[in-house]
Amino acid sequence: MNAISSDAGLAEPHLAEVLAAVGLDVEYVRAEGNTLYRLDEQQREAPVLDFVGGFGSLILGHNHPEIVTYAQDLLRSQLPIHAQFSRAAHADRLASALNSVLRRELGDDERYFAIFANSGAEAVEAAVKHAEFDRSLKLAALSEQIDAHVTQARSLVQGGLAVPADSAYARLDEAGPSGDPVQDLEELIAHVERWNAERLSTPPLFLAPEGAFHGKLVGSVQLTHNEAFRTPFKALAAQARFVPLDQPEAIRKTIDAERRVLLDLAVTDGAVTVVEREFPVFCAFVLEPIQGEGGINMVTREFAEAVRSACDAIGCPVVVDEIQSGMGRSGAFLASSLIGLRGDYYTLAKSLGGGVAKTSVVLIRESRYRREFELVHSSTFAKDGFSSLVALKVLELLEADGGRLYRVVAERGRSLRTMLETVRADFPDVLKDVRGAGLMLGVEFQDQSGSTAGAVRDFARSGFLGYAVAGYLLRRHAVRLFPTGSAANTLRLEPSVALTDDEISQLEAALRDVCSVLRDQDEGRFVGA
Ligand SMILES: Cc1ncc(COP(=O)(O)O)c(C/N=C/c2cc(O)cc(-c3ccccn3)n2)c1O
């Protein structure tokens, strides 16, 4: 491994340089289950135990035999993969199957409408677009109500049946009635229309927890907390207000701080008054029940209840992003069901494609769904026959035998977590925390900025310790883990449900070794080949 050094005043190393420097830039030639294969110096296949798991895309593992065989049979059958503007029977069946799973998991019969896409971020974009479509229709209805009230007030004043109330003049900062109630009302109406026009032109806001990751496309990247990903593109899309995951009370404070009203006219007992109507500033609250890219952070039941309560109070939809935590990875189909969080929208992707197809979906509960949205949103490849049928097969495997695989995920997750906790207990000076649920776990390493091992110190100070540790584990133990851009000291573990005790033991030996090297501050071993 080539150490990197920011002490020498070199420009900050880029991730690609770091991956190469620590030996992570490996080409893999085959994959199955939890194993990737590289070629060694003799061009022979060498196994690598993979805990990255496609960043949560492989709950069934690499190239699951039933999925691969099914995909091969589909292609041989010459099924229509792209037959847009026809009855998308396979996508409809997939939507129906997803509804059955949600009905089972959520325990109620409300229907969810499916909008399919091709990637996780695209599903989030569709969710954001639908939420804004819904907000814009609400605003249009509110504006129509206000226009009707203005017309009514104008008719009554012109008919001598009403006059502006004294309190109305306070809005105009005027001494009082001019003697011409018709003229006074017109001034009042002009004030109301100016006020409302200014607010109606205000872009919406989103709410998301600190540490959020929802993709890197134009709209979704503004819901991603990592400033390096988000701030260069701020000008392109509506902004989010981020709330700390450990401060549920911050949600209402943030909402209150952004409160806006529209002005309306009311006529009571012949007096025209100005009344305030809530302006829907927030378009949606978007959150992951278990933050992945943010470093495996759990949303608590308390935070979930605060989100639901605050959003219900302002009529704002809750978008539960299960793109990484869903599809059984937590030990339930939806990780949010483990904390009692009921979404108005759910996004799914990654493992929905079974490790061989690319597909995603946003599911919107019927009471929130705007059917007109389908006329303004589409995608060439979404709902394609191949991906829809593969996703159906994935659901069939997950739901088989009364959800046996979810129970296996929970049991394998307990075994993996027990091992990680044991290693952390033996190396408290090296491992800081173990977090997560099911087979979505994270191990946070202690800061090593003060290490006497120069390379360890440099990597830690450059924010690349996690990648350096990952490089050591790959080079020395043929075990593959990664940190994420937003939590560089936390290695994430997202293996498939096929995880074996031997694979857990192999990981344990690797972790104990690297923890010993860090505890001993043994630079030679850390950077060795
Ligand atoms: C909750 C959630 N919502 C939307 C998305 C976006 O999905 P797409 O990537 O399919 O567009 C993701 C995709 N996750 C990507 C991801 C998740 C993660 O935990 C780490 C890394 C990553 C990628 C490269 C280097 C290091 N880390 N990438 C997600 O996890």
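Numbers here simply count residues along the sequence, with the first being 1. Only a predicted model underlies this, so the values are computations on that prediction, with no experimental measurement involved.
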Could you tell me whether a side-chain N or O of Ser351 sits under 3.5 Å from a main-chain N or O of Gly56, the two making a donor and an acceptor?
-> yes
Which atom names give the shortest non-hydrogen contact between Asp184 and Pro177, and what distance separates them?
-> OD2-CA, 3.5 Å
Under the salt bridge (Lys or Arg N to Asp or Glu O under 4.0 Å) rule, what do Arg252 and Asp256 come out as? Steps first, then yes or no, please.
-> CA-CA 6 Å; Arg252 279 197 185 276; Asp256 292 346; 6.0 Å; no
Side chain to side chain contact (heavy atoms under 4.5 Å, CB included) evaluation trace for Phe285 with Ile255 | CA-CA 11 Å; Phe285 196 126; Ile255 291 172; over 6 Å; no
Counterpart residues, salt bridge (charged side-chain N to carboxylate O under 4.0 Å, His left out), relative to Lys432 (two or more places apart) | Glu444
Are side-chain heavy atoms of Phe55 and Lys350 found at a separation under 4.5 Å?
-> yes
Sorted by chain and number, sequence neighbours left out, ring-ring contact (aromatic ring centres under 6.0 Å, His included) with His191 holds for none
State whether the number of non-hydrogen atoms from other residues, nucleotides or ligands found under 6.0 Å of Lys358 atom NZ is greater than 12.
-> no
For Gln222 and Arg230, indicate whether the former's side chain and the latter's backbone hold a donor-acceptor pair under 3.5 Å.
-> yes
Charged N-O contact under 4.0 Å between Arg308 and Glu305 | no
Just by modelled atom types, is the Val318 backbone N or O under 3.5 Å from a matching donor or acceptor in the Asp344 side chain?
-> yes
Val394 vs Met327, side chain to side chain contact (heavy atoms under 4.5 Å, CB included): CA-CA, chis, key distance, verdict | CA-CA 9 Å; Val394 172; Met327 298 302 297; 3.8 Å; yes
With Glu249 via salt bridge (charged side-chain N to carboxylate O under 4.0 Å, His left out) - residues at least two apart | none
Quick one: does Thr359's side chain have a donor or acceptor within less than 3.5 Å of a partner on Gly353's backbone?
-> no
Walk me through it: do Arg104 and Glu399 pass the test salt bridge (Lys or Arg N to Asp or Glu O under 4.0 Å)?
-> CA-CA 10 Å; Arg104 171 189 60 72; Glu399 291 285 307; 2.7 Å; yes
Salt bridge check: are Arg154 and Glu186 linked by an N-O gap of less than 4.0 Å?
-> yes
Note, Phe333 side chain near Tyr406 side chain (heavy atom, < 4.5 Å) | yes
Keeping the roles fixed (side chain from Ser462, backbone from Phe464), state whether a donor-acceptor pair exists under 3.5 Å.
-> no
Straight-line distance of Ser388 OG to Arg93 CZ, nearest 0.5 Å = 9.5 Å
Closest non-hydrogen contact found for Ala123 with Leu348 is CB-O, 4.5 Å
Can you name the salt bridge (charged side-chain N to carboxylate O under 4.0 Å, His left out) partners of Arg342, sequence neighbours left out?
-> Asp108, Glu110
Where is the tightest heavy-atom contact between Val409 and Gly328, given as atom of each residue plus distance?
-> CG1-O, 3.3 Å
Say whether, by atom type as modelled, one donor and one acceptor occur between the side chain of Thr231 and the main chain of Ala228 under 3.5 angstrom.
-> no
Short question: side chain of Glu288, backbone of Gln324 - any donor-acceptor pair under 3.5 Å?
-> no
For Glu105 and Ala332, indicate whether the former's side chain and the latter's backbone hold a donor-acceptor pair under 3.5 Å.
-> no
Rounding to 0.5 Å, atoms CG (Leu200) and OG (Ser143) come to a distance of 4.5 Å
Residue pair Met440 / Ile296, side-chain heavy-atom distance below 4.5 Å = yes
Heavy-atom closest contact (Phe116 atom, Ala95 atom, distance) = CZ-N, 4.1 Å
Heavy-atom closest pair, residues Glu132 and Pro204 = OE1-CG, 3.4 Å
Hey, are the side chains of His90 and Lys383 touching, using non-hydrogen atoms and a 4.5 Å cut-off?
-> no
Take Val274 and Tyr169 through the side chain to side chain contact (heavy atoms under 4.5 Å, CB included) test and state the conclusion after the steps.
-> CA-CA 9 Å; Val274 177; Tyr169 290 93; over 6 Å; no
Quick one: list whatever passes side chain to side chain donor-acceptor pair (under 3.5 Å) with Gln158, sequence neighbours left out.
-> none
Trace of the salt bridge (Lys or Arg N to Asp or Glu O under 4.0 Å) decision for Arg368 with Glu366 | CA-CA 5 Å; Arg368 290 272 186 178; Glu366 186 165 24; over 6 Å; no
Going by heavy atoms in the side chains, are Leu338 and Arg301 under 4.5 Å from each other?
-> no
Flag the pair Leu245 / Glu210 as yes when at least one side-chain heavy-atom distance between them is below 4.5 Å, and no otherwise.
-> no
Could you tell me whether Glu302 atom CD has more than 12 heavy atoms of other residues or ligands within 6.0 Å of it?
-> no
Taking side chain as C-beta onward, heavy atoms only, is Glu278 less than 4.5 Å from Arg259?
-> yes
Who are the ring-ring contact (aromatic ring centres under 6.0 Å, His included) partners of Phe133, not counting sequence neighbours?
-> Phe373
Please answer whether the main-chain N or O of His82 pairs with a side-chain N or O of Asp384 as donor and acceptor at a distance below 3.5 Å.
-> no
So, do Leu334 and Leu102 sit near enough that their side-chain heavy atoms are less than 4.5 Å apart?
-> yes
Within 45° of the ring axis of Phe459 and under 6.0 Å from its six-membered ring centre, is that where the NZ or CZ of Arg461 lies?
-> no
Tightest non-hydrogen contact, residues His130 and Arg370, listed as NE2-N, 3.0 Å
Under 3.5 Å, is there a donor-acceptor pair between the side chain of Asn99 and the main chain of Tyr112?
-> yes
Would you sort out whether Trp195 and Val261 count as a side chain to side chain contact (heavy atoms under 4.5 Å, CB included), showing the intermediate values?
-> CA-CA 9 Å; Trp195 175 284; Val261 296; 4.1 Å; yes
